[in-house]
Each structure stands twice: as C-alpha cells, then as structure tokens.
Amino acid sequence: MKILCVAEKPSISKSITQILSGGQFATRATGSQYVKNYDFAYPQARAQVTFTCVAGHLLSSDFDENHRKWNSCDPFALFDAPVITDVDKDKKAIATNLQNEARRAQQLMIWTDCDREGENIGAEIVKVCRKTNPAIPVKRARFSAIIAQQIHNAAQHPVELDRRQADAVDARIILDLRIGAAFTRMQTKALQNAFVGKVEGVVSYGPCQFPALGFVVSRFEQVKAFVPEQFWYIYLAITRQTSDGEEETSFTWRRGHLFEFDVAHVIYEGVLEAESAKVTKVTKKNTKKFKPYPLTTVELQKAGSRILKITPKKVLEAAEHLYQQGFVSYPRTETDQYDPQFDFMSLVGKQVADPTWGPFATQLQGGQFSAPRKGKNNDNAHPPIHPTAHANNLVGDEKRVYEFIARRFLACCSKDALGFETTVDVECGGEEFYATGLIVLERNYLDVYPYDKWTGKELPDFEEGETFVPSLRELRDGQTSRPNLLTEADLVGLMDKNGIGTDATIAEHIAKIMEREYVLEKMEGTTKYLAPSTLGMGLVDGYNEIDFDRSLSKPQLRRMTERSMVEVCQGNKTKGDVLEETIEQYREMFVLARNNFNRVIEVPVFISSARLGFELMFAPAAPARDMPPPPPPPPSARPAAAVTLDEEEAMWDIVDSMDSPPPPTPQLAARPPPKLPSTSSAITGPIAGPSRLPTLNAALRPEAVPDIVRCFCGRPARQLVVKKEGPNTGRPFLGCGTPKVMPDDESCTFFQWADEPPPTVPAKRPYPAVGRRATCPPSAANAI
DNA sequence: GCAAGGTC
C-alpha cells in the first residue's frame, strides 16, 4: 500500500523519516524550497511511504469581494459577511505538491503536532488532498515525542482526526477575523473623522493586542498613582575586632518596619534601655541555589530581553535562524522537562570544543553531570531548547542568543550550587533581630551560568547565650518606593500567564502594539520600559468610559474565547453554537462602542493631545504628556511588585506573585546605607522625635508583641522557598499564612525574604485604592 | 489599510 504522510513542518518530516526509514530513504525536491518529499519502504506496515509536510496552516480566510475593501461596506456588516477560505497565496506550491502526491496514494496519514492547531492543520491537509483523491482514507498518527519507539507505535496504531479540535480552531479563526476587522475599521474611521488629517495608519483592535496594551496602561496608572509612605525601623549593629581590623555586623529587625512613628519610637526606647543584646539562637544549615529549569520559548524571550537586552521578537528570530542552521533545537516549545531517554552526554560533548565554556563541558563529562530538573510543562511535541551542535562563527544577536542557550543547557546538566548558611538570632529590649551569613561551598552550575548571582557573606562567630553591647542602635526611616513601568520581559510573562497569545505569537503582539504606537519605549539606563502613548492611553481610557460587561483591554474576553474552544473540543457545544453566541455578544459590544465612540474621543488625553497638536500623540519619540517622573533606576532585575487598583488586576498580580515573589521594594528600605544619606534619617540616643507618646493600649506595647512574623492577615507567616527558576530560585521567603488554593481565592500579599537584611514594605501596601485586598485589614500591616 | 495562529 502507498501511504502519504504529512507533517506540520519540515523539521518533523525529516526527523520522523529518519526514524521510520532507518536512514534508508530517497529525497525529492518539490515546488517549495522548504519542503522535501522522502520516499522509503516501511515493511512493518507493509507500506511504501512518501513523507512530506506543510509549513503551518495551508488555508487562509478573508471576506468576499463585496466586503474586503475598507470602504465597500459598513464595518458592522463584517459580522455576517461571507468568509472565503482558500489556499493561502504563499502556500500554493505546498498544496500542489500534496495534491500530486495524494493522487498516487491509497492512504493519507496526518502527522501534524498533537495540539488543537495541529488537528486543524490536519483537517486542512485532508481538504486539499481530497481535491485530487476524493475518497482517500485518512488516519492520524499520535505521538508525544520524536523518539523511535513512540514514532513506530504511532505509525502502526493510527487513530482518527479529532474533528472537534479542528472545529474549535475554525471558530477561533472566524471570530478573530470578524471581530478584528469590524472593530479596526470602525475605530480607525471614527478617529480619522474626529481628528481630520491627524490620524495616519490603522488604529487596530485585536483580542490579543488590546489586553497587552491594557497591561502596559495598568502598570503606568499604578506608577502614576504611587504615593510614597514613610516608615520606621530599628537598626542594630555590633562592631568587633577581627584579625582584619574592625568588622561591623548588621542585624535586621524581625518586625521589618512600621509605618507609625509613635509605635516604632516606643519600641525603640525599649531597645535603647536594654543593657545588652543576647544571642538566642545560632542556626547553621546547608543550603542550595538551584540550577535553572530547561529552557522554553517564553523563558528564552524573557531572559533575552532581561539579560541580553534583545527584544523578544528579535530573540525568537535569532533562535529561529540558529535552528535553521542546525545549531539549536526547535525554538518554539513549552516543554521544560527532558525525556528520561534524552542523550545529554553526546550534546555536552559537542560543547567541549568551545574555548570559553568547553572546559566546563569537559568537567561534566568527567563526572560532574547531573540530570536536569524537571519542570511542569510538556507540549508533547518538542524538547526544551538546547544546542544541537557547536557554533563558532556567529556574530551579533545570534552569537549572544546561542551562548545563552548553550550555557543554559550546560547549567541544566550540572549540579546545584551548594552553600552553608548561618543565622544568628538576637534579642534586645524584647525585640528580635537577626543576621544571616552565607558561605558558597561549591559554585557548580554558577561557573557556566553567569546570569545568576549568589555571593557569600561572612559572619563573625556568635555563640548561643552570648551577650554583647550593640555598637549601634538607631531608629531609621525610609520610604516605600515607586514600582517600575513594565519591561518587555514582564509583559511577556503577564501575557503568558493570562493566556494572551501563544509562546510563538506573544512577541509579535508586543511588537505590534509598539508599531501601532499604542506603546512607546522609555529607556532608563540600559533597561527598556514600556509606557502607553497618548493614543494607547486614550483608547483604553475611552473604552473604559463605555459600559461594557467586560473590558476590551483586560484578559477576560480572550479567556472566554479560550473557554468556548474547550467546550467545542469536549463536545458540549458545536462550532456553530460558539460562533453564533460570540458574534451576538460582539455585535452588541460593537453597537455600544460605535454609538458611544464620542466618549472615547472626548477622554481628556485625546482632547489635550489634539489641542496641543495631535501629532505629538503619534510621534514615537514623544512620551505621553502626563508621564510621571521617571521611576528610580532598577535596583534589581525586576521591578517592584505590581500594585493593583482593581479586582481583575489584583488577580493578575496574584498569578504573578504566587509563582515568584517579587523582591521587596528596594531602595532605602531594603538596604539602609551604613552612613545616613540625606533621604534617610536616624535617631540615636535620646529621642528627638515627636515629644510624648500617646497612650498605647496593651496590644501595642512592645512586650505584648508576639515573636513571630505575621502577615497582613494577622496569621503567622509561612516560610516557603522560591520554586520558579530565576535569580532567586531556592531562596526562602515568608508568605501569607493562608495560601490560595483556587486561582480566584483571595490571599494577602505579604512578602518578605527570609534571609535578607531589612525586609521592606510590601509594595502593595502604599497604594490608596486597593480593591478587594482590603479584606486584609490595612491596619494589620501596622498592628503590633 | 483589519485578527491570530501556524511556519519559512
């Protein structure tokens, strides 16, 4: 029997051919430069096989002639206009090849990726092949990895194509087209009419573009609304003579800091009155800094943006080109776990040749290898991104992206860094303080992965029960710090977590909202931040003025589409049901938007931009007029924890912060400088603050203070460890004592590093409007 | 001149 097998892309076609043919195959060129036909015998199924492929979707959809032109119809008509689906103009050669091959085949076997899009592409292949062989029987090969045994199993036990999954994608395609085109034409024309001659180019609406813009605007609003708040904390230090001279050890107040001067003052008096401090406990333990997880597309883009300072889109392009040259594996993958049978050592061996990290690879070969950590994601189609060959003639972005991928792979194959941690607990005047020291014993993966930092901190010897007179006891103050605007890496992360776009398209959406000038770059040092333009701001503000059930600039609408697709896949709804329902909803929204578009045009940001010269709004170099003062330079790679203004945003940020607790607001709070800068003050000795203190109730007296860290909810904080890979992987932190169970659960946002000097105010605290978070009484943060 | 999703 002659079987025609069709994969989703050239790489898969080639690798599966290698496996099924055992390397014995003939190659034929096709009309497409990317597609090859491979012929071989497959005796296990008594078949003669031709293996070929497509390159993603074969078909594309657009409106018919009467609706395709912008001025051919009212945009509202696009919700019902006929949609024509045909072979994409760039895919004609691929379709012709399929039809020629299908004519001669007795069976068609679909080998597309095993996901919804793959099932849909499979249906497209069937449709095209049946034009020349209408009765050809169709089978579907199901495989979860390109591993010989699985591939043979898939070839010998094929299943049926899943019509429902293909239908779900059909529905998405039609919805995106109708909604995108209708809203884009409507709002472009409305703005052109309102600001004659001032609006150039399209003002597009897209179900992924707008939520992406929404994230940027939302963070911008938070930055703008920020009001710094003063807080107080007690600083305690001891100076000892050592062989190297004098050495000062700083102790951190267990209580962190307080927002009420009077209260801090009373406690401070107690500390001052104490004759000495006593070491209550010395804890010594082994500790680790975990090596990173295997690399996914999203992580590559985030790291590329953050570490290499290359935009997500360019990182992906570089990786794509490296892949085409055979230097790295397939760059679009959600998988962060390696198959147990993966041949690590031969790939490690290929890196030995590198002059820089080659010696490290040699060490791995010499017994330092350790199996990579296993992440939670597997797309069952591709392994994590890894180098497949050594490359030494690269330049520019490709060189840097390759180096990152190679180092990441070697880091994954090494051992965690090992350290030894000492914590000294001290009591003084009824208050607890602590100091932490770290000795890095074995750097291991850190030697090949310079993007992670872990530095030791020496601590002099302290003995349990020992007492000493502190050399410094100060009441210091600091201010909560402004959160930063979003970086591209932050935006990639937010979109990924909220299901806006896919790993392969997120970068394009971000590039698009910048190209459309809804969002502008704002450089701070070497970090690129994203700020809305007046156009982007006006659109979001404007639509927010209209009373939609669901905001156009929040992720909920996209999530609804996603849910509908799942319903179709499960058979609870048909494609027709979903199309009908969804289009009806959007029709209503469209009418509402169009009838109230004057509200969009009249939002202050549009009006003021128009008065001052509307061009300003569209000039890429011109930042939004009401740009807040620049955020302080980034003290660490990540901006301070996001702060939220409403419930939905609160939810995003819970998603954000649960995975990887953001660092505490840094600046003054996190690291009080040893010498007092003008922005910070300290009180030593007799108190010079507000004179007499108000009467405190019993609960406020220092003696009544429980000696454990409590979170905003008032419950004891839980000690947890950062699981997410990143600079802080493995680091202990204190979080809310009642962690959320369901995604929508409320939990308070208390956060504090367990191992760092003065923990600072949780970033969410200082914001005036804190939606639902009020369930954690704000006063609890201050209560002692 | 519109969308988002595959991929080259």
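What's counted below: heavy atoms across the whole structure, side chains too, no hydrogens, waters or symmetry copies. First the proteins, then the strands, lettered A, B, ... as listed; each starts at 1.
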Per-nucleotide protein contact string for nucleotides 1-8 of chain B (B base, S sugar-phosphate only, - none; heavy atom under 4.0 Å): BBBBBBBB
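A donor atom on one side chain and an acceptor atom on the other are found under 3.5 Å apart for A/Tyr543 and A/Gln187. Under 3.5 Å, the side chains of A/Arg140 and A/Thr112 contain a donor-acceptor pair of N or O atoms.
Under the side-chain hydrogen bond (donor to acceptor under 3.5 Å, both in side chains) criterion, A/Ser11 pairs with A/Tyr323, not counting sequence neighbours.
The closest donor-acceptor contact from the side chain of A/Thr184 to the backbone of A/Ala181 lies at 3.5 Å or more, if one exists at all.
Around NZ of A/Lys14, the count of heavy atoms belonging to other residues, nucleotides or ligands within 6.0 Å does not exceed 12.
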